[in-house]
Amino acid sequence: MFLSVFDMFKVGIGPSSSHTMGPMVAAARFLDMMRASPFAFHGLRASLHGSLAFTGVGHATDRATILGLAGFRPDTYDDDKAEATLAAINATGTIELDGLGTLRFDPKADMIFDYDHALTGHANGMVLMATDAQGDVTLRQVFYSVGGGFVLTEEELAQGKATDEGDPIPYPFKSAVEMLEMAKSSGLTIAQMKRANEVSRGCEESLNRGTARLWQVMNDCINRGLERDGILPGGLKVRRRAKGIYDALMAERGMNLTAPHTINDWMSVYAMAVNEENAAGGQVVTAPTNGAAGVLPAVLRYYLDHVPGASEKHMEDFLLTAAAIGGLVKYNASISGAEAGCQAEVGSAAAMAAAGLCAVMGGSVEQVENAAEIALEHHLGMTCDPVKGLVQVPCIERNGLGAIKAVSAASLALRGDGEHFVPLDAVIETMRQTGQDMHEKYKETSLGGLAVNVPNC
């Protein structure tokens with residue numbers, strides 16, 4: 001099993017990796033299918049199903065799909081160009097594409113929210129269609145956005161879990177038990193094994209450049225969020241709070257009367273800054289998803305800014321360790337809120353962050369596994385119930401608390417010797433079973449929980 005650090009951490013746009021980035025990626029893949037087809041096409045059509053339909057407006061899924069069909073991709077997204085392109089599509093009812101010409105697309109008629117027909121493969125389903133001159137569908141593809149910006153076609157999903165068909169890697173662990181055994185036999189840390197796997201598929205220089213860019217984008221996102229105030233888009237009129245909290249914390253620095261628990265406010269404000277940027281549609285890094293994008297950067301920033309002896313040279317080890325844990329969760333359970341609730345998003349993010357922090361603070365491989373287990377265990381059962389379908393309430397604060405739990409989990413693990421009662425593999429399997437049993441209304445449909453008990457206006 002191989003999931004690259006650049007699969008787990010992807011530069012993209014808010015507010016959702018599954019509902020915004022995924023549909024945009026799916027649309028880009030569909031354009032490639034069209035270009036490879038022998039047929040001539042005259043129009044485009046798209047329909048959203050399941051969670052993509054129910055919370056699509058709040059997650060800008062329709063906007064992302066249309067922009068994807070217009071050739072936009074999350075990693076190279078330009079907001080000014082996007083706005084101009086959307087205006088042109090709405091005005092002309094057409095999309096201009098390199099290699100495909102001018103295609104009919106009326107957003108009001110051809111962008112369909114189908115609330116009545118869920119697709120069988122996954123809660124996040126969509127159908128993309130290309131039509132001929134008479135409007136008949138001549139190319140049709142079902143896509144599933146399975147969380148974290150990962151997209152599978154209907155056929156790929158039917159084959160089972162996404163498979164890795166590349167060259168063999170040195171340490172192909174598929175479970176925490178295998179990871180621990182390989183670490184023991186090799187004498188390597190999790191980060192060292194993960195680095196060896198990455199280098200076997202690429203080169204060390206590109207790995208170093210890539211991880212440095214990931215942290216740069218994460219840290220820039222924190223800084224932007226700490227500098228901006230105002231009201232978040234979407235209609236809930238949620239006020240940005242990170243800047244105000246940060247300004248107050250900075251004013252209190254150096255005061256002898258500051259309570260020890262104030263450190264929790266620092267962790268929270270870093271995470272909230274990221275998720276306020278995400279809610280505003282800004283550039284973020286999936287970690288492992290957009291909805292949970294604030295947890296890991298907040299913990300890494302906490303480590304660098306607040307832990308004595310911390311060094312940015314350990315940043316790559318943090319990210320590699322976290323990616324290894326995230327890969328285990330994704331492979332054996334899920335990182336999708338629409339599939340398993342928020343335990344799969346913020347819970348996974350907390351496990352990844354706890355493992356990364358424990359590793360860079362000198363934890364053994366056993367302590368790192370224990371840190372991830374503690375963090376994930378105490379998110380089990382968490383529902384995904386965003387008010388009005390927006391990644392704002394309770395998502396922004398939830399990332400702050402996820403960061404605090406991650407740091408606490410790492411600290412507890414470091415106080416022990418690595419031996420513990422519940423193995424990480426058991427918690428991951430429990431999370432999978434819990435997600436399977438969880439009612440659909442608590443899985444990113446906004447049909448239950450806070451979403452129906454809090455006024456949406």
Side-chain angles (χ1 to χ4, degrees), residues 3 7-22 51 55 59 124 145-150 214 217-218 221-222 225 242 267-268 270-279 282-302 318-319 322-323 325-330 333-357 372 375-386 390-407 409 428 431 435 442-444:
L3 279 170
D7 291 325
M8 296 309 301
F9 302 116
K10 295 190 277 289
V11 177
I13 56 168
S16 172
S17 50
S18 60
H19 287 57
T20 313
M21 287 176 59
S51 179
T55 62
H59 288 85
N124 292 334
S145 180
V146 296
F150 291 89
L214 288 173
V217 175
M218 288 178 180
C221 185
I222 292 174
M267 298 175 209
S268 291
Y270 295 145
M272 291 171 66
V274 171
N275 285 85
E276 287 176 357
E277 280 295 291
N278 179 62
Q283 187 182 60
V284 298
V285 175
T286 62
T289 67
N290 282 30
V295 176
L296 188 141
V299 174
L300 184 47
R301 177 72 171 257
Y302 159 77
F318 188 109
L319 293 179
I325 298 301
L328 293 179
V329 177
K330 175 171 170 50
S334 176
I335 58 170
S336 168
E339 192 171 25
C342 197
Q343 59 173 357
E345 297 207 24
V346 171
S348 299
M352 294 164 64
L357 180 61
L376 184 57
E377 180 181 349
H378 298 291
H379 282 89
L380 289 176
M382 183 176 283
T383 60
C384 183
D385 50 355
L390 299 170
V391 193
Q392 297 179 17
V393 179
C395 317
I396 295 171
E397 285 182 354
R398 189 168 282 176
N399 274 255
L401 274 292
I404 292 170
K405 283 187 181 182
V407 173
I428 292 174
M431 191 260 275
Y442 298 119
K443 293 195 282 190
E444 208 169 356

When rounded to the nearest 0.5 angstrom, what is the spacing between [atom1] in [X] and [atom2] in [Y]?
{"X": "Met267", "Y": "Lys405", "atom1": "CE", "atom2": "NZ", "result": "14.0 Å"}
{"X": "Cys342", "Y": "Asp385", "atom1": "SG", "atom2": "CG", "result": "8.0 Å"}
{"X": "Ile222", "Y": "Arg301", "atom1": "CD1", "atom2": "CZ", "result": "5.0 Å"}
{"X": "Ser16", "Y": "Asn278", "atom1": "OG", "atom2": "CG", "result": "7.5 Å"}
{"X": "Ile404", "Y": "Asn399", "atom1": "CD1", "atom2": "CG", "result": "11.5 Å"}
{"X": "Glu339", "Y": "Glu345", "atom1": "CD", "atom2": "CD", "result": "11.0 Å"}

- Message: Could you check whether any side-chain heavy atom of Thr20 comes within less than 4.5 Å of a side-chain heavy atom of Asn290, counting everything from C-beta outward?
- Response: no
- Is the shortest heavy-atom distance from the side chain of Leu296 to the side chain of Leu319 under 4.5 Å?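 The answer is yes; the side chains approach within 4.5 Å.
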Side-chain donor/acceptor of [X] to backbone N/O of [Y], under 3.5 Å:
{"X": "Ser145", "Y": "Ser18", "value": "yes"}
{"X": "Thr286", "Y": "Met8", "value": "yes"}
{"X": "Asn124", "Y": "Val146", "value": "no"}
{"X": "Lys443", "Y": "Cys384", "value": "no"}
{"X": "Asn275", "Y": "Ile396", "value": "no"}
{"X": "Ser334", "Y": "Ser336", "value": "yes"}

Taking all non-hydrogen atoms of both residues, which atom of [X] and which atom of [Y] are closest, and how far apart?
{"X": "Ala403", "Y": "Ala298", "result": "CB-CB, 4.0 Å"}
{"X": "Ala279", "Y": "Val391", "result": "CB-O, 3.7 Å"}
{"X": "Ala353", "Y": "Val295", "result": "CB-CG1, 4.2 Å"}
{"X": "Leu357", "Y": "Phe318", "result": "N-CE1, 3.3 Å"}
{"X": "Gly225", "Y": "Ala242", "result": "O-CB, 3.8 Å"}
{"X": "Gly435", "Y": "Gln343", "result": "N-NE2, 3.3 Å"}

- Task: Go through the steps to decide whether His379 and Leu401 satisfy the test side-chain contact (heavy atoms from CB on, under 4.5 Å), and finish with yes or no.
- Result: CA-CA 10 Å; His379 282 89; Leu401 274 292; over 6 Å; no
- Message: Once salt bridge (Lys or Arg N to Asp or Glu O under 4.0 Å) is applied, do any residues pair with Glu277, and if so which ones, sequence neighbours excluded?
- Response: Arg224, Arg228, Arg240
- Among all residues two or more places apart in sequence or in another chain, which pass the salt bridge (Lys or Arg N to Asp or Glu O under 4.0 Å) test with Lys10? none
- Polar side chain donor-acceptor pair, Glu444 to Ser51, under 3.5 angstrom: no
- Message: Looking at Glu397, I want to see if its CD is surrounded by more than 12 non-hydrogen atoms of other residues, nucleotides or ligands under 6.0 Å.
- Response: no
- Message: Does Phe9 form a side-chain contact (heavy atoms from CB on, under 4.5 Å) with Met352? I'd like the steps, not just the answer.
- Response: CA-CA 11 Å; Phe9 302 116; Met352 294 164 64; 3.7 Å; yes
- Task: Could you give me the CA-CA distance, side-chain angles and deciding distance for Ile335 and Val329, then say whether side-chain contact (heavy atoms from CB on, under 4.5 Å) is met?
- Result: CA-CA 7 Å; Ile335 58 170; Val329 177; 4.2 Å; yes
- Message: Taking side chain to side chain donor-acceptor pair (under 3.5 Å) as the definition, give me every residue that meets it alongside Thr55, ordered by chain and number, with sequence neighbours left out.
- Response: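 Testing Thr55 for side chain to side chain donor-acceptor pair (under 3.5 Å), a comparison that skips the adjacent residues, returns His19, His59.
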